Participant: 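My questions all concern the structure below.
None of the values given here were measured: they were computed from a predicted structure. What you see below is based on every heavy atom in this structure, not just the backbone, and it leaves out hydrogens, waters and symmetry mates. Nothing fancy with the numbering, it's 1 onward along the sequence.
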Amino acid sequence: MAFFAYKARNARGDLIEGIQEGADSAAVADMLFSNGVTPVEISASAKGPGAQGESLLERMQQQKITAVDIMLFSRQMYTLLKAGVPIMRALAGLQESSHNNSMRKVLQDMRESLDSGRELSAAMRRHVAVFDPFYVSMVRVGEATGMLEEIFLRLFYYLEFEKSTKDKIKAAMRYPTFVIVAMVVAIAIINIFVIPAFANVYKGFNAELPLMTRILVASSEFTVQYWPIMLMALAGAFYGFRLYVATPVGRYQWDKIKLRLPVTGSIVEKATLARFARSYALTSRSGVPIVQGLNVVAQVVDNAFIAQKIDSIREGVERGDSILRTAAASGVFTPVVLQMIAVGEETGELDDLMQEIAEMYEREVAYEVDNLSAKIEPILIVGLGVLVLILALGIFLPIWDLGKVAFKK
């Protein structure tokens, strides 16, 4: 996606200038026409919306827009719209009260877009780094159904759950990460400083060293001589992995592998399915048709493998199959969930049962996250014990052998 600077005229004939993101100039022109304005000139731009006229220092001082900022925005918009405040006045008030300069610029651009005749969802679509496709789609549904304030409240609760789950996973992984980093640093120090000192002592023994000691000394010498190459190889491998994951095939394969990782795989899978069920319940309750809802939900699950399964469900529904049959064919749902989907289709309360499915998965995710440290700690202890055993045998076995020789004499 690239940015394009455009000049256009609205229904009143006023000249409008701005920057729009799109695949090409034709896509930008179609978007402008859909918003009720006629493009006059479209040209490629290296700057995004709100970036024109900014100095390098101003761009460096920009604050990052976080999930908390979007949560607060959603909650405040719900409160203001419910109180009967017009959208333009609500955005102006939020812009004045915001402590994030980047968020203020986004709100200013949204006000300008609304003033030029765009809808709120179209104004949000100009800021894809701030409002994801799911958020914009829900706002568009709220505009079409007249339930905009209710949509903002549901989006707030949805974002709150997402942030809560991510925070719990980060908190659970903090201790294991610290231990692993400490082990890596300790291994590096031992290889670079400790083992070479012992190796110099062992050379004076003029005796054959044990196998474990020879392995440690060889690995230490390799590390000391080639550590720049090793660092470059690790950096290259990491960068190559990032590039591969950025491709559609790489993203699909990595997301598929993440679901099968030991310990964390089940958490990722259940959290993804909880996001799917909650998102579908939200779109269904908001009046979005099933096919369109599945298409929107596939963009928000944040897992290419699960998203492909949701797309297969959508294609099955388009062919006339039931959600139950296509969900069973996808192979990602448990029998209990499939039974709840069957009951929901029969009773016409699929959105309520999807909400219950989401809550069930969320409870399981919360339980597994709370016990994540307890699962990882034994693995770390065993790994640390094996490391200490290898170092102890490699370093102290030669000393032990020399001691036995000395006592015999």
Side-chain angles (χ1 to χ4, degrees), residues 1-8 15-22 28 31-32 35 37 43-83 85-140 142-143 148-149 151-153 155-164 166-167 170 300 302:
M1 302 288 278
F3 291 106
F4 294 87
Y6 66 86
K7 295 181 180 179
L15 183 65
I16 302 170
E17 295 184 19
I19 294 180
Q20 177 66 52
E21 187 177 22
V28 173
M31 197 174 299
L32 293 173
N35 291 329
V37 295
S43 58
S45 173
K47 300 178 180 179
Q52 54 268 41
E54 292 182 351
S55 65
L56 177 61
L57 180 61
E58 290 175 337
R59 289 198 294 271
M60 292 177 62
Q61 292 176 342
Q62 283 186 352
Q63 297 173 272
K64 184 179 179 180
I65 299 177
T66 64
V68 175
D69 295 319
I70 307 303
M71 286 172 55
L72 291 175
F73 169 77
S74 304
R75 184 71 188 194
Q76 291 168 341
M77 284 295 292
Y78 162 73
T79 303
L80 292 170
L81 294 178
K82 187 179 180 181
V85 179
I87 294 180
M88 286 291 291
R89 192 185 305 172
L91 292 176
L94 294 180
Q95 180 183 350
E96 293 176 1
S97 62
S98 177
H99 298 287
N100 189 315
N101 56 11
S102 298
M103 192 66 187
R104 286 198 298 268
K105 292 176 182 178
V106 171
L107 294 172
Q108 174 64 30
D109 185 77
M110 289 170 59
R111 289 178 58 199
E112 294 174 356
S113 298
L114 289 173
D115 192 46
S116 64
R118 292 190 183 90
E119 295 180 338
L120 181 60
S121 58
M124 289 179 173
R125 197 184 299 119
R126 289 164 52 86
H127 304 277
V128 292
V130 180
F131 304 104
D132 58 38
F134 178 75
Y135 196 102
V136 175
S137 299
M138 293 306 302
V139 171
R140 186 167 62 247
E143 292 172 331
L148 190 56
E149 65 276 4
I151 290 294
F152 275 118
L153 180 62
L155 286 170
F156 167 76
Y157 287 128
Y158 173 82
L159 294 172
E160 186 180 40
F161 162 74
E162 291 286 304
K163 183 178 183 301
S164 174
K166 291 179 180 178
D167 289 344
K170 287 180 181 178
V300 78
D302 196 28

Participant: Rounded to the nearest 0.5 Å, how far apart are CD of E149 and NZ of K82?
Facilitator: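 Going from the CD atom of E149 to the NZ atom of K82 covers 8.5 Å.
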Participant: Counting only N and O atoms by type, is there a donor-acceptor contact under 3.5 Å from the side chain of S164 to the main-chain atoms of E160?
Facilitator: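 No, because the side chain of S164 does not come within donor-acceptor range (under 3.5 Å) of the backbone of E160.
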Participant: Return the minimal non-hydrogen interatomic distance between I70 and L159, and the atom names on each side.
Facilitator: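 Closest pair (atom of I70, atom of L159, distance): CG2-CD1, 3.7 Å.
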Participant: Could you tell me how the ring of F152 sits relative to the ring of F73: parallel (under 30°), tilted (30 to 60°) or perpendicular (over 60°)?
Facilitator: perpendicular
Participant: Between the main-chain N or O of T66 and the side-chain N or O of D69, is there a donor-acceptor pair closer than 3.5 Å?
Facilitator: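 Confirmed, D69 side chain pairs with T66 backbone.
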Participant: In sequence, state the C-alpha distance, the side-chain angles, and the governing distance for V106 and N100, and then conclude on side-chain contact (heavy atoms from CB on, under 4.5 Å).
Facilitator: CA-CA 10 Å; V106 171; N100 189 315; over 6 Å; no
Participant: Less than 4.5 Å apart, any side-chain heavy atom of L94 and any of L72?
Facilitator: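 SC-SC contact between L94 and L72 ruled out.
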Participant: Would you check if T79 and L153 make a side-chain contact, meaning some heavy-atom pair closer than 4.5 Å?
Facilitator: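 No, side chains not in contact.
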Participant: Using side-chain contact (heavy atoms from CB on, under 4.5 Å), reason through V85 and L81 one step at a time and then give a plain yes or no.
Facilitator: CA-CA 5 Å; V85 179; L81 294 178; 5.9 Å; no
Participant: Could you point out which residue of R126, R104, R125 forms a salt bridge (charged side-chain N to carboxylate O under 4.0 Å, His left out) with D109?
Facilitator: R126
Participant: What distance separates R111 CZ from R89 CZ, expressed to the nearest 0.5 Å?
Facilitator: 11.5 Å
Participant: Measuring from L80:CG to M77:CE, what's the distance to the nearest 0.5 Å?
Facilitator: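 The distance works out to 7.0 Å.
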Participant: Of all heavy-atom pairs between M124 and V136, which one has the smallest distance, and what is that distance?
Facilitator: CB-CG2, 4.0 Å
Participant: Let me confirm one number: the CD1-OG distance from I151 to S121, rounded to the nearest 0.5 Å.
Facilitator: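 Answer rounded to 0.5 Å: 12.0 Å.
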Participant: Closer than 4.0 angstrom, basic N to acidic O: yes or no for D167 and K163?
Facilitator: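 Looking at K163 together with D167, the answer is yes, because their closest N to O distance falls below 4.0 Å.
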Participant: First locate atom NE2 of H127, then atom OG of S113, and finally report the distance between them rounded to the nearest 0.5 Å.
Facilitator: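 It comes to 6.0 Å.
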Participant: Between E143 and L120, is there a donor-acceptor pair closer than 3.5 Å when you use the side chain of the first and the backbone of the second?
Facilitator: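 Side chain of E143 to backbone of L120, a donor-acceptor pair under 3.5 Å: yes, one is there.
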Participant: So, Y135 versus S74: side-chain donor-acceptor pair below 3.5 Å or not?
Facilitator: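 Result is yes, a qualifying pair exists.
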Participant: Looking at every heavy atom in both M110 and L91, which two are closest together, and how far apart are they?
Facilitator: CE-CD2, 4.1 Å
Participant: Tell me, with the steps shown, if M71 and Y157 meet side-chain contact (heavy atoms from CB on, under 4.5 Å).
Facilitator: CA-CA 8 Å; M71 286 172 55; Y157 287 128; over 6 Å; no
